[in-house]
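Heads up, the thing below is written out as structure tokens.
Predicted model, so just to flag it, every value in this text is computed and none were measured. Counting begins at 1 with the first residue of the sequence.
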Amino acid sequence: MHMIKKIWNFITTAVLVIMLMLVAILYIPKFLGISPLIVLSGSMEPVYPTGSLLYVNQHNLDNIQIGDAITFYIDENTLVTHRVVEIDEISCTYITKGDANEVNDGSPVSFDDVLGVPIINIPKLGIFADWLSHKSGKIIYVTVIIVVTILMFMGDIIWSDDNEKENENDKEEQN
């Protein structure tokens, strides 16, 4: 029984740590000025595949060069990540193009519309981040964390009862 308890504790602890690390991966970068964003289209494939989680650094925007990918606003609520193909210092704009696109984007991007530069891309994690961004995803995720935590302690309770019974049986046999 002692080995089963060890395995139980290892599995429940590992699941809990992984779940908490996933939440940390999504939320801690925001405190460092890094925005986690979900790649929704294939315009930058294969570099940034659809469903990826893309971390965008909001600092050092003065060093953007031709060939860099940038994330920018095309309207108040919509962000796009494309590559800089030309810089117009006079009008303070970038000409951009998606890696998978044949032609440059139709409108230049003002320097002021740039959110940042992508620094990390984690394929497929954006699907999880999208699910977790919805109320139902948060409720399910928190519920699973609570259940796993309870299961962790349930193992201690179950196997401590068995140990007490074994100790009682050992004492009775000695008498």
Just to verify, what does [X] make a side chain to side chain contact (heavy atoms under 4.5 Å, CB included) with, not counting sequence neighbours?
X      : answer
Glu45  : Pro49, Thr50
Ile145 : Leu16, Met19, Leu20, Tyr141, Thr149
Thr13  : Val17, Met152
Ser110 : Asp112, Asp113

Linked hydrophobic residues, [X] as query - side chain contacts closer than 4.5 Å:
X      : answer
Ile139 : none
Phe111 : Leu61, Ile64, Ile66, Ile70, Phe72, Ile74, Val80, Val84, Ile87, Tyr94, Val109, Val114, Val117
Ile90  : none
Tyr48  : Leu37, Val39, Met44, Val47, Leu54, Val56, Tyr73, Leu79, Leu115

So, taking the atom named [atom1] in [X] and the one named [atom2] in [Y], what distance separates them when rounded to the nearest 0.5 Å?
X      : Y      : atom1 : atom2 : answer
Leu32  : Tyr55  : CG    : OH    : 11.0 Å
Ile4   : Asn9   : CD1   : CG    : 12.0 Å
Leu132 : Leu22  : CG    : CG    : 9.0 Å
Ile150 : Phe153 : CD1   : CZ    : 10.0 Å
Lys30  : Ile28  : NZ    : CD1   : 12.0 Å

Looking at side-chain heavy atoms only, is the closest gap between [X] and [Y] below 4.5 Å?
X      : Y      : value
Gln58  : Ser35  : yes
Ile146 : Val142 : yes
Thr71  : Pro118 : yes

Ala24 to Pro29 - nearest heavy-atom pair and separation: O-CD, 3.5 Å
Output, in order, the C-alpha distance, side-chain angles, deciding distance and verdict of side chain to side chain contact (heavy atoms under 4.5 Å, CB included) for Val144 and Ile140. CA-CA 6 Å; Val144 170; Ile140 292 169; 4.3 Å; yes
So, using side chain to side chain donor-acceptor pair (under 3.5 Å) as the criterion, who are the partners of [X] when residues are at least two apart?
X      : result
Asp88  : Ser91
Asn101 : none
Glu86  : none
Thr12  : none

Transitive ILVMFWY side-chain link [X] to [Y], under 4.5 Å:
X      : Y      : answer
Ile120 : Tyr27  : yes
Leu26  : Ile119 : yes
Ile18  : Met21  : no
Ile95  : Val103 : no
Val15  : Trp131 : yes

Go through Asn104 and Thr96 one step at a time and tell me if the side chain to side chain contact (heavy atoms under 4.5 Å, CB included) criterion holds. CA-CA 6 Å; Asn104 293 349; Thr96 57; over 6 Å; no
Please lay out, stage by stage, how Ser43 and His82 fare under the test side chain to side chain contact (heavy atoms under 4.5 Å, CB included). CA-CA 8 Å; Ser43 66; His82 279 175; 2.9 Å; yes
Donor-acceptor pair, distance only, cut-off 3.5 Å: does the side chain of Trp8 make one with the backbone of Leu151? yes
With distance as the sole test, does Asp105 use its side chain to make a donor-acceptor pair with the main-chain N or O of Ser107 at under 3.5 Å? no
Pair Arg83 + Asp68: basic N to acidic O under 4.0 Å: no
With side chain to side chain contact (heavy atoms under 4.5 Å, CB included) as the criterion, how do Leu125 and Ile38 come out once you've worked through the C-alpha distance, each side chain's angles and the decisive distance to 0.1 Å? CA-CA 8 Å; Leu125 192 57; Ile38 302 163; over 6 Å; no
